[in-house]
Amino acid sequence: MTWRNVLLTDSGFFDPFDLRKPLAPIVERFNRMLEKPLSQARVLLIPAAACDSQARYLAAVQRWELEQLGVLPEHITIYELDGSLAEGEVMTYDVMFFTGGWAEHLLRLVKSTGFDAVIQRFVSANKVYVGVSAGSVLATPNIMGCFGGADDPETAALGLVNAYIDCHCDMQPDLAPKALPLPHVMLHFNQALAVNGAGYELIEDAGARHTIDWSSPPVVGVDVFQIQL
């Protein structure tokens, strides 16, 4: 049976403009992939892409989201790709969750530690891979695919999805699809890709679509992802 449990989100599981509201279609697909109650799920949370204070804040929000969905705090393990976990232990988890941040930094860590091979085995075992932003871009064939660098072996990534992904397209006015060797998927806050070995499907919560007022762009921690942690 082909692998089928890769979920590539733009921003996680909740509406960034109102964190009281889960993105229901994305949460529902996550639950279907998991095939067990969230209270029983063990999650390996990998915030290694978060290299600055804003990305670290957002990684904390994403952990909070998991707990809001029903994952028990004691079932969440933070892993910084520091080599402290053997592959056998990684494979005991149900979910591998990559937060956002800097895709280049994340890719270097994944490759230098040999964790790319561990990810492939995790996915092949039909465990659940969840990406947010950089964690989603990591799943593409090349993290520079949207920027004219698709042939650069230095930036070759996991290739779990046969497309190039732009994230946070709500925050980029007048963005249009590019003519690229593979499809150019432009994810918005309310969207995700459900990916399996045969292809991918766009999932979105239409009720959480937002129009940005570019005369006053939203501020992280104030207008979007606002929560007391």
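Index from 1, following the sequence.
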Decide yes or no for [X] and [Y]: does some side-chain heavy atom of the first lie under 4.5 Å from some side-chain heavy atom of the second?
{"X": "Arg4", "Y": "Asn126", "result": "yes"}
{"X": "Leu107", "Y": "Leu138", "result": "yes"}
{"X": "Val71", "Y": "Ile76", "result": "yes"}
{"X": "Val61", "Y": "Phe14", "result": "no"}
{"X": "Gln191", "Y": "Leu202", "result": "yes"}
{"X": "Leu160", "Y": "Gln120", "result": "yes"}
{"X": "Leu81", "Y": "Leu106", "result": "yes"}
{"X": "Val90", "Y": "Leu44", "result": "yes"}

Which distance, rounded to the nearest 0.5 Å, do you find between the [atom1] of [X] and the [atom2] of [Y]?
{"X": "Thr2", "Y": "Asn5", "atom1": "OG1", "atom2": "CG", "value": "10.0 Å"}
{"X": "Thr113", "Y": "Arg108", "atom1": "OG1", "atom2": "CZ", "value": "12.5 Å"}
{"X": "Leu58", "Y": "Thr99", "atom1": "CG", "atom2": "OG1", "value": "8.5 Å"}
{"X": "Leu72", "Y": "Ser39", "atom1": "CG", "atom2": "OG", "value": "6.0 Å"}
{"X": "Ile26", "Y": "Asn190", "atom1": "CD1", "atom2": "CG", "value": "7.0 Å"}

With sequence neighbours excluded, residues passing salt bridge (charged side-chain N to carboxylate O under 4.0 Å, His left out) with [X]:
{"X": "Asp18", "result": "Arg20, Lys21"}
{"X": "Glu65", "result": "none"}
{"X": "Glu201", "result": "Arg29"}
{"X": "Glu89", "result": "none"}

In short, ring-ring contact (aromatic ring centres under 6.0 Å, His included) pairs touching residues 181-208 with sequence neighbours left out are Phe17-Phe189
The complete set of ring-ring contact (aromatic ring centres under 6.0 Å, His included) pairs with one or both residues in residues 110-154, sequence neighbours excluded, reads Tyr79-Phe115, Phe98-Tyr129
Residues 109-120 vs salt bridge (charged side-chain N to carboxylate O under 4.0 Å, His left out), sequence neighbours excluded, gives none
The complete set of salt bridge (charged side-chain N to carboxylate O under 4.0 Å, His left out) pairs with one or both residues in residues 121-135, sequence neighbours excluded, reads Glu87-Arg121
Show the nearest heavy-atom pair for residues [X] and [Y], with the distance to one decimal.
{"X": "Gln62", "Y": "Ser11", "result": "NE2-O, 4.3 Å"}
{"X": "Cys51", "Y": "His105", "result": "SG-CD2, 3.2 Å"}
{"X": "Thr9", "Y": "Gly12", "result": "OG1-N, 3.1 Å"}
{"X": "Gln54", "Y": "Val220", "result": "NE2-CB, 3.8 Å"}
{"X": "Ala194", "Y": "Ile203", "result": "CB-CD1, 3.5 Å"}
{"X": "Pro47", "Y": "Glu80", "result": "CG-OE2, 3.5 Å"}

>> With clusters defined by side-chain heavy atoms of hydrophobic residues (ILVMFWY) lying less than 4.5 Å apart, directly or transitively, does Leu23 cluster with Leu69?
In response: yes
- Quick one: do Val132 and Trp102 end up in the same hydrophobic cluster if we chain Ile, Leu, Val, Met, Phe, Trp and Tyr together by side-chain heavy atoms under 4.5 Å apart? no
- Query: Arg209 and Glu204: side-chain contact (heavy atoms from CB on, under 4.5 Å), yes or no, with the steps?
  - Reply: CA-CA 9 Å; Arg209 188 180 297 127; Glu204 68 175 335; 3.5 Å; yes
Start with the C-alpha gap between Leu187 and Asp166, add the side-chain angles, then the distance that decides, and say whether side-chain contact (heavy atoms from CB on, under 4.5 Å) holds. CA-CA 6 Å; Leu187 286 181; Asp166 258 326; over 6 Å; no
Working for side-chain hydrogen bond (donor to acceptor under 3.5 Å, both in side chains), residues Thr92 and Arg42: CA-CA 8 Å; Thr92 67; Arg42 299 181 69 239; 2.9 Å; yes
The side-chain hydrogen bond (donor to acceptor under 3.5 Å, both in side chains) partners of Asp10 (sequence neighbours excluded) come to His168
Those residues at least two apart in sequence (or on a different chain) that pass side-chain hydrogen bond (donor to acceptor under 3.5 Å, both in side chains) with His210 are Asp15
Under 3.5 Å, side-chain donor or acceptor atoms of residues 30-37 against the rest of the protein: list the pairs with distances, not counting sequence neighbours.
residue : atom : partner : partner atom : Å
Asn31   : ND2  : Val27   : O            : 3.4
Lys36   : NZ   : Asp94   : OD1          : 3.1

Q. Should the pair Glu67-Arg63 be classified as a salt bridge under the 4.0 Å nitrogen-to-oxygen rule?
A. yes
Given the options Val128, Leu66, Leu7, Ile46, Phe97 meets side chain to side chain contact (heavy atoms under 4.5 Å, CB included) only with Leu66
task: Could you tell me whether Asp151 atom CG has more than 12 heavy atoms of other residues or ligands within 6.0 Å of it?
output: no
*Please test Glu104 against Thr155 for side-chain contact (heavy atoms from CB on, under 4.5 Å), starting from the C-alpha separation and ending with a verdict.*
CA-CA 8 Å; Glu104 298 92 334; Thr155 54; 5.8 Å; no
Connected to Tyr164, directly or through other members, by ILVMFWY side-chain contacts below 4.5 Å are Leu180, Leu182
Practice problem: Say whether, by atom type as modelled, one donor and one acceptor occur between the side chain of Asn142 and the main chain of Asp152 under 3.5 angstrom. | Solution: yes
